[in-house]
Amino acid sequence: MRPYVIINAAMSADGKISTPLRKQTKISGAEDFARMEKLRAESDAILVGIGTVRSDNPSLRLKNEALKEERREKNLPAEPARIVIDSRAEFPADSDMFIKGSGKIIVAVSEAADKDRVASLSERVTVVAAGKTSVDLGLLLDKLGEMGIRQLMVEGGASILWSFMSQRLFDEIRIYIGALIIGGKTSPTFADGEGFTKPEEFPRLTLRSAERFDDGILLIWQKREENSL
């Protein structure tokens with residue numbers, strides 16, 4: 001069984017997730033960070049793309065010791081697994097994931113990745129091959145399900161979010177809209193990618209809740225089944 005996939009992101013009031021420089025940008029405040037930390041703790045794994053690793057160097061660790069203890073009491077690892085989509089096996093050896101956090105590291109590669117890089121990576125992380133020339137997300141979800149991952153939190157970046165949404169490989173979208181404007185026609189948006197051209201292609205959503213956090217708002221959407229009205 002595939003994991004239940006929750007896409008979680010923060011964007012500005014004009015739909016941007018970072019500046020034109022594509023560097024990590026603070027959009028939400030302490031209240032939303034606490035919410036995100038709790039969602040991480042409730043998930044079996046957190047997923048990002050290699051572009052996010054290069055630009056932000058995230059550790060994807062849990063910082064809240066109480067949440068770690070709650071996981072231990074449930075006989076779970078103290079921190080969720082950390083997954084990186086990296087078709088060409090270019091995961092940096094000096095990544096903060098190797099320094100901070102204790103969650104298992106899983107790197108998803110394609111069959112076209114350099115064999116020497118894959119072999120080197122395999123000495124430090126769990127490597128999962130899924131797809132011929134790029135990572136096949138559907139196949140990866142199947143493999144993650146076989147590994148016991150039941151809830152997957154997808155954090156970005158923009159291209160990864162688009163891939164999950166365009167292929168309809170998600171169950172929920174939780175998006176925080178912050179009270180700021182970033183602007184810039186080259187700034188990444190919540191759903192970068194080629195975009196849909198026909199209305200019948202649009203994934204449809206059902207709004208489950210809207211709640212004020214900090215100075216912004218958190219929207220939770222459920223993916224609508226294709227045959228529902």
Assign the ring pair F202 / F196 to parallel, tilted or perpendicular, where the plane angle (0 to 90°) is split at 30° and 60°. tilted
Test your reading of the model: is there a side-chain donor-acceptor pair from E37 to the backbone of K63, 3.5 Å cut-off? yes
Heavy atoms, side chains only, cut-off 4.5 Å: are R174 and R35 in contact? yes
Heavy atoms, side chains only, cut-off 4.5 Å: are T52 and I160 in contact? no
Euclidean distance, I220 CD1 relative to T206 OG1, rounded to 0.5 Å: 13.5 Å
Please check this pair: side chain of R117 against backbone of A89, looking for a donor-acceptor N/O pair closer than 3.5 Å. yes
Quick check: does any side chain N or O of E201 sit under 3.5 Å from a backbone N or O of T197, one acting as donor and the other as acceptor? yes
Walk me through it: do I7 and L161 pass the test side chain to side chain contact (heavy atoms under 4.5 Å, CB included)? CA-CA 7 Å; I7 292 173; L161 297 181; 3.5 Å; yes
May I ask whether V48 and L121 are part of the same hydrophobic cluster, defined by side-chain heavy atoms of I, L, V, M, F, W, Y residues being less than 4.5 angstrom apart, directly or through others? yes
Starting from the C-alpha separation in whole Å, work towards a yes-or-no answer on side chain to side chain contact (heavy atoms under 4.5 Å, CB included) for I182 and T25. CA-CA 10 Å; I182 293 176; T25 304; 4.2 Å; yes
Are there over 12 heavy-atom neighbours, none belonging to R2, within less than 6.0 Å of that residue's CZ? yes
Ignoring hydrogens and angles, tell me if any N or O in the side chain of D192 forms a donor-acceptor pair with the backbone of S159 under 3.5 Å. no
With a 4.5 Å heavy-atom cut-off, do V109 and F91 have their side chains touching? no
In terms of hydrophobic clustering (I, L, V, M, F, W, Y; side-chain heavy atoms under 4.5 Å; direct or indirect links), are I50 and L47 co-clustered? no
K104, NZ: over 12 other non-hydrogen atoms inside 6.0 angstrom: no
Is E70 salt-bridged to K74, cutoff N-O under 4.0 Å? no
Output the distance between atom CG (D14) and atom CD1 (I181), rounded to the nearest 0.5 Å. 4.5 Å
Whether S110 side chain and S87 backbone form a donor-acceptor pair below 3.5 Å: yes
When rounded to the nearest 0.5 Å, the distance separating CG of L76 from OG of S43 is 11.5 Å
Could you state whether F164 and M11 fall into the same hydrophobic cluster, counting links through intermediate Ile, Leu, Val, Met, Phe, Trp or Tyr residues with side-chain heavy atoms under 4.5 angstrom apart? yes
Do V128 and I83 have side chains that get closer than 4.5 Å, going by heavy atoms? no
Indicate whether the side chain of S102 and that of E79 have a donor and an acceptor atom separated by less than 3.5 Å. yes
Ignoring hydrogens and angles, tell me if any N or O in the side chain of R40 forms a donor-acceptor pair with the backbone of R61 under 3.5 Å. yes
Nearest 0.5 Å please: distance from the CG atom of L169 over to the OG atom of S163. 9.0 Å
Taking K223 for the side chain and P203 for the main chain, is one N or O donor matched with an acceptor at less than 3.5 Å? no
Does K16 use its side chain to pair, donor to acceptor, with the backbone of G184 at less than 3.5 Å? yes
Would you sort out whether V84 and V125 count as a side chain to side chain contact (heavy atoms under 4.5 Å, CB included), showing the intermediate values? CA-CA 11 Å; V84 178; V125 305; over 6 Å; no
Is it the case that R124 places NZ or CZ above or below the six-membered ring of F98, under 6.0 angstrom from the centre and within 45 degrees of the axis? yes
Pairwise side-chain contact, P58 with D96, heavy-atom cut-off 4.5 Å (strictly under): no
Do R224 side-chain atoms and R204 backbone N/O form a donor-acceptor pair below 3.5 Å? no
Do L62 and P80 have side-chain heavy atoms sitting under 4.5 Å apart? yes
Is there a side-chain contact between M36 and M153 (heavy atoms, below 4.5 Å)? yes
Derivation of the salt bridge (Lys or Arg N to Asp or Glu O under 4.0 Å) call for E146 and K143: CA-CA 5 Å; E146 292 170 0; K143 293 191 174 189; over 6 Å; no
Carefully, step by step, assess F33 and K26 under the rule side chain to side chain contact (heavy atoms under 4.5 Å, CB included). CA-CA 10 Å; F33 277 116; K26 184 178 179 181; 4.1 Å; yes
I'd like to know if I17 and I6 are part of one continuous hydrophobic network [Ile/Leu/Val/Met/Phe/Trp/Tyr, side-chain heavy atoms within less than 4.5 Å]. no
D114 (side chain) donor-acceptor with D116 (main chain) under 3.5 angstrom: yes
Cluster question for you: counting only ILVMFWY and a side-chain heavy-atom cut-off of under 4.5 Å, with indirect links fine, are L137 and I149 together? yes
